[in-house]
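Just so it is clear: chains get the letters A, B, ... in the order the sequence lines come, proteins before strands, and each one is counted from 1.
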Amino acid sequence: MRDAFAVHAEAVAAEMNVRTGDRDSFLQLIPADLEFQATILLRKRFELVKRALPRTCRDLGEQAWPEFQRYARACWPSGARVIAQDALGFCAHLHPARNGVVCPLERQRARFVSESNRFAIRYVRTPRMTGTVRGALHVFVRHSPSRWHEWLLYVGV
Amino acid sequence: MNVGLGYRRELSGWIETRPRGVDCLEITAEHFGEHAGEHLAQLGRRYRLFVHGLGLSLGTPGPMDAVRVEHFASVVRMANPAWISEHVAFTRTAEVDLGHLNPVPLTRESLRVLADNARRVADHCGKPMLLENITSHLKLEGELSETDFLNELCVRADCGLLLDVTNLFINSRNHGFDPVAWLHEIEPSRIRQLHLVGYSRQGDRYTDSHAKPIQDDLIELATAVVRHAPVEAIILERDEDIPESNADLEVEIAKLERIAGRR
């Protein structure tokens, strides 16, 4: 919508049903200012998602922020647990082109936090400290909306 | 005049040492959960506390989010602050939660919504309310000037102003106005608390990263505010790139103390 506003502000005003009394103020908005304000908000979103997906973002390196901008430009999660939803959405955006970068533990954690169930067990394949990738059960137990415990139980020998 | 900082988990160790010059803390309500009572009581025994909200979205028309209001009120009960504060802003609409502060149009309708919501929260919490000015890269024209809007808001909401000096400075640079002239249009008796932290630059724009040491031009503006208004507290609002060295934090607090006339 910002892109459309930069090209044809009046059409966007009509599409958004901007009220007559607000129309002049709306049309006086400068696209560059709008873009800068939006980028500031997107950056703040990114910082929160980075905390939820530290390894994933670290492995993306300098591409983390540009990729997040590509994802976030057209997607804004709503409702409860927005940070977890945002993190999950970003993981989905990275799949399949950069699927190897997404940390499976972080994706499962984001998935659990975005849901409301008290208990979950998920199968993941994740590197051990030795570097070999092994299957594991990722177990979650929720104590309150913002507190939970999780365990990783490697399968087999 | 009290001098202090916004409480952050990364600073908790340093705050435990009762650093020189710090006699108040600003608690961000959204950072504390239902089990924080003992911790907040302990902080309250050592420091004067204020509770600051980020997510009540006072500028959004319609019913407030009851869960967020009740969470805010519960933190207020646990912290027993001298006052509470929020922003002249909205963070969500009926359709989407933007998660961060955005400017409201300077219209009488916005004024009514903000004043009503501010009063509602203050009455529910039983504490005086301060409202904070925010940074905006958008210049929203409206029926009122920003200073008229804030003055009338304080009267209608029976609240004070938390003047964020850094936000005022940033807006003045980005939108080309004199911050001291702006200051002198504000009713001085309403300005009770200040926020201060260094600004950042992105090209020719100034931004509120909350990540830099306080610069000299901010100190100059804050000193002008303190001369103009009966400010009761100045809070260092450092959120990012928090110095690892206590000495660097002490330097920032010393700046606030000089502004307050305590050094």
Which distance, rounded to the nearest 0.5 Å, do you find between the [atom1] of [X] and the [atom2] of [Y]?
{"X": "A:Glu35", "Y": "B:His137", "atom1": "CD", "atom2": "NE2", "answer": "12.5 Å"}
{"X": "B:Ser209", "Y": "A:Arg43", "atom1": "OG", "atom2": "CZ", "answer": "11.0 Å"}
{"X": "B:Thr91", "Y": "A:Leu41", "atom1": "OG1", "atom2": "CG", "answer": "10.5 Å"}

**Q.** Salt-bridge contact B:Glu240-A:Lys44 (side-chain N to carboxylate O under 4.0 Å)
**A.**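 No, B:Glu240 and A:Lys44 are not salt-bridged.
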Should A:Gln37 and B:Asn102 count as side-chain neighbours, where that means a heavy-atom distance under 4.5 Å?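 Side-chain contact under 4.5 Å: yes.
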Side chain proximity check, B:His100 to A:Leu48, heavy atoms < 4.5 angstrom: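 Yes, at least one pair of side-chain atoms sits under 4.5 Å.
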inquiry  = Less than 4.5 Å to any heavy atom of chain B: does that hold for the side chain of A:Arg147, its backbone, both, or neither?
reply    =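 For A:Arg147, the contact with chain B is made by the side chain alone.
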Item to complete: Examine whether an atom of A:Leu29 lies under 4.5 Å from a heavy atom of chain B, and if so say whether it belongs to the side chain, the backbone or both; otherwise answer neither.
Response: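 Contact with chain B involves the side chain of A:Leu29 alone.
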**Item:** Contact class of B:Glu143 relative to chain A, heavy atoms under 4.5 angstrom
**Value:**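 Looking at B:Glu143, nothing touches chain A.
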Give a yes or no on this: more than 12 heavy atoms of other residues, nucleotides or ligands lie within 6.0 Å of atom [atom1] of [X].
{"X": "A:His149", "atom1": "NE2", "answer": "no"}
{"X": "A:Leu152", "atom1": "CG", "answer": "yes"}
{"X": "A:Arg2", "atom1": "CZ", "answer": "yes"}

Residue-level interface, residues 163-179 of chain B with chain A, non-hydrogen cut-off under 4.5 Å: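 Expected list: none.
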- Query: Looking only at heavy atoms, which of residues 195-208 of chain B get nearer than 4.5 Å to chain A?
  - Reply: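 Those residues of residues 195-208 of chain B which have a heavy atom under 4.5 Å from chain A are B:Gln202, B:Arg205, B:Thr207, B:Asp208.
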Can you give me the closest heavy-atom contact between A:Trp76 and B:Val96, atom names plus distance?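 Closest pair (atom of A:Trp76, atom of B:Val96, distance): CD1-CG2, 3.5 Å.
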